[in-house]
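Notes follow once the structure below has been shown.
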Amino acid sequence: MIDLKLLQKDFGSVSDKLLKKGVDIKLLDLLKRKNEELKSAKANYETLQAAQNSMSREFGIYKKEGKDISELKERVDANKIKIAEALEAQRTKQDELESLAMSIPNIPDDDVPEGEDECSNVELKKILTPREFNFTPKEHWELAEQNGWIDFERGVKLATSRFSVSFGMGAKLERALINFMLNFNSKRGFQEVSVPSIVNRAALEGTGQLPKFEDDLYKIENQELFLIPTAEVPVTNLYQDEILSPSQLPIKMTAYTSCFRKEAGAAGRDTRGMIRQHQFHKVELVSITKPQDSDKVFDEMVQTASDLLSALELPHRLVMLCGGDLGFGAAKTVDLEVWLPGQNSYREISSVSNTREFQARRAKIRYKDENKNSFVHTLNGSSLAVGRTMVAIMENFQNEDGSITIPKVLEPYIN
RNA sequence: GGAUAGAUGGGUGAGUUGGCUGAAACCACAUCCCUGCUAAGGAUGCGUACUGGUAACGGUACCGAGGGUUCGAAUCCCUCUCUGUCCA
């Protein structure tokens, strides 16, 4: 959630920055007005309530002293009616404000480039040179089927489109990757956690998936529970509504989970293969830091994901997302795109974001800063999406006959 | 699924014949004093959020969540959620 006090105090600069993310100024203006209305409604209610409270106290004293209370009772009853009205007014304002505020995205950092979509993203650097093929490299679905690693039809049979099944070496490679990534991240100081794949509404509101993006979530029937779209949700919300001590920070965690997404609005995109599935495996990094440390930890997380790709000998590049391509909760995002020779292009395989206070404010994650409580910064990033890593390995390590060499670092995990 | 007990501040845990209780006490924590050494003792402070005020200092709300009764509820009533124990 954006900082309403900041909006109130410095409307100009907040709205300028949110413009980068395509937010209508009228909406912000409305939010500001609602906030002011709520404040005055609240003040009104509290004044009435204060009077009520003091009369109630008098009431007790009168009774104790055996005084006549009928006059007091009249005043108190009259005030009571006003209170009910004031409370109702305040609640309406509160609800209006909250639903509006919850739908405003995070303020992007100053160094986020302008732009509407991925065309304006800025490449930061390339790591490793794509290999030269002396044959035409195949796309991963062809290789996957040829090697018997992945069965797309049977996935559809069991569930629906955008589901697949891994067999044999394919399944093994998947498991090897998960273990390799978790171990790698642990060595970089990220503590491993294992979390539920089902979470409640509060958790999803905390990280910003709700209320705006309910359409993309699988919901458990008749319950306020959802399948997680990313481990970011349960892991970040581990510390929901807590006040951490500064000595605990930074908290750096890594978790493996399945992720579930309806992919609403992605119709027709990446329909073939396993780039975009409804269920996919992902190893995630999540950090909770003091505000002054979040940039440093952000870099560490990008570096960890990049080094992971390098260890797997996968050429990739780092891309800074522009304002228009930035996710709802992110103040800043660096994507890692892996080279796919079959597609002859770089494709996203990891996304590292700093949400700054945005999620912390929603999820009420604070820390004791000297004597006052301040919001922490939360960061998340994939390291890596397992399915897409499989794709990258297949395409980059393919041989002319369609066989696939296993990257050296994975050998201990396979045998 | 049935029965029963419970849910209080960072922790343990009082308070349930409704009224100066936002909440005792202890622990933890912070600062200071004393002391002087792998200690102990003493003093003070110490919930969260919003809000008024330059400040001093005030106001409102919160005792699992949401309703209700009442001039007034942590305390009474209802619903829900969760936890413990026992039974199927």
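Letters go in sequence order (proteins before strands), and every chain restarts at 1.
Listed for the Gln398(A) side chain is a donor-acceptor partner under 3.5 Å among the backbone atoms of Glu395(A). With hydrogens and angles disregarded, no donor-acceptor distance shorter than 3.5 Å links the side chain of Thr257(A) to the backbone of Ser197(A).
For the pair Gln248(A) CD and A28(B) P, the computed distance is 19 Å after rounding to whole Å. Between the CZ atom of Arg201(A) and the P atom of U81(B) there is a distance of 16 Å, rounded to whole Å. Leu48(A) has its CG atom 14 Å from the P atom of G72(B), to the nearest Å. Note: CD (Glu224(A)) to C1' (C82(B)) measures 16 Å, nearest angstrom. When the P atom of U51(B) is taken as reference, atom CG of Leu4(A) falls 9 Å away, rounded to whole Å. The CD1-P distance, from Ile83(A) to G59(B), rounds to 16 Å in whole Å. Rounding to whole angstrom units, CG of residue Leu244(A) and C1' of G11(B) are separated by 16 Å. Rounded to an integer number of Å, the gap from Asn200(A) CG to C82(B) P is 11 Å.
Taking the charged nitrogens against the carboxylate oxygens, Asp215(A) and Lys262(A) have no contact shorter than 4.0 Å, which rules out a salt bridge. With respect to the salt-bridge test (charged N to carboxylate O, under 4.0 angstrom), the residues Lys157(A) and Glu153(A) do not qualify.
Contacts classified as ring-ring contact (aromatic ring centres under 6.0 Å, His included) and involving residues 279-325 of chain A (residues at least two apart or in different chains) are given here: Tyr256(A)-His281(A).
Annotation: C26(B) and G84(B) have their C1' atoms spaced 24 Å apart (nearest Å). Annotation: A24(B) and G9(B) have their P atoms spaced 12 Å apart (nearest Å). For U69(B) and A14(B), the C1' atoms lie 27 Å apart once the distance is rounded to whole Å. Distance check on atom P: A28(B) versus U12(B) gives 15 Å, rounded to whole Å. Distance noted for atom C1' between A23(B) and G47(B): 10 Å (whole Å). Remark: the separation of the C1' atoms in U79(B) and U31(B) is 48 Å, to the nearest Å. Taking atom C1' on both nucleotides, C34(B) is separated from C46(B) by 22 Å, rounded to a whole Å. Rounded to a whole angstrom, the distance from the C1' atom of U17(B) to that of C87(B) is 35 Å.
Contacts of Ala50(A) with the nucleic acid, taken as non-hydrogen atoms under 4.0 Å apart, involve only primed sugar atoms and P, OP1 or OP2. Lys39(A) comes within contact range of the sugar-phosphate backbone alone, with a heavy-atom separation under 4.0 Å but no base atom that close.
For Arg154(A), the CZ atom is loosely surrounded, since the number of other residues' heavy atoms within 6.0 Å does not exceed 12. Shown here is Gln191(A), whose CD atom has no more than 12 heavy atoms of other residues, nucleotides or ligands within 6.0 Å.
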Q: Using a 4.0 Å cut-off on protein heavy atoms (strictly under), produce a 5'-to-3' string for nucleotides 44-49 of chain B with B for base contact, S for backbone-only sugar-phosphate contact, and - for none.
A: ----SS
Q) When you check every protein heavy atom under 4.0 Å of nucleotides 61-71 of chain B, what one-letter string (B, S, -) results, 5' to 3'? A) S-----S---B
Q. Just the dot-bracket of RNA chain B, please: which string comes out with Watson-Crick or G-U pairs under 3.5 Å, [ ] for crossing, | for another strand?
A. ((((((((.[[[..)...(.....]]].(((((.......))))).((((((....)))))).[[[[[..)....]]]]]))))))).
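Every residue two or more places apart in sequence or in another chain that forms a side-chain contact (heavy atoms from CB on, under 4.5 Å) with Asn44(A) is listed here: Leu48(A), Ala86(A). Residues satisfying the side-chain contact (heavy atoms from CB on, under 4.5 Å) criterion with Glu192(A), sequence neighbours excluded, are Leu182(A), Ser186(A), Thr254(A).
For the pair Val319(A)/Leu124(A), no side-chain contact is recorded, criterion being any heavy-atom separation below 4.5 Å from C-beta on. At a threshold of 4.5 Å between non-hydrogen side-chain atoms, the residues Glu174(A) and Met390(A) count as touching.
No donor-acceptor contact under 3.5 angstrom links the side chains of Gln90(A) and Glu46(A), judged on distance only.
The aromatic rings of Phe328(A) and Phe358(A) sit perpendicular to each other, their planes meeting at more than 60°, with 30° as the lower class boundary.
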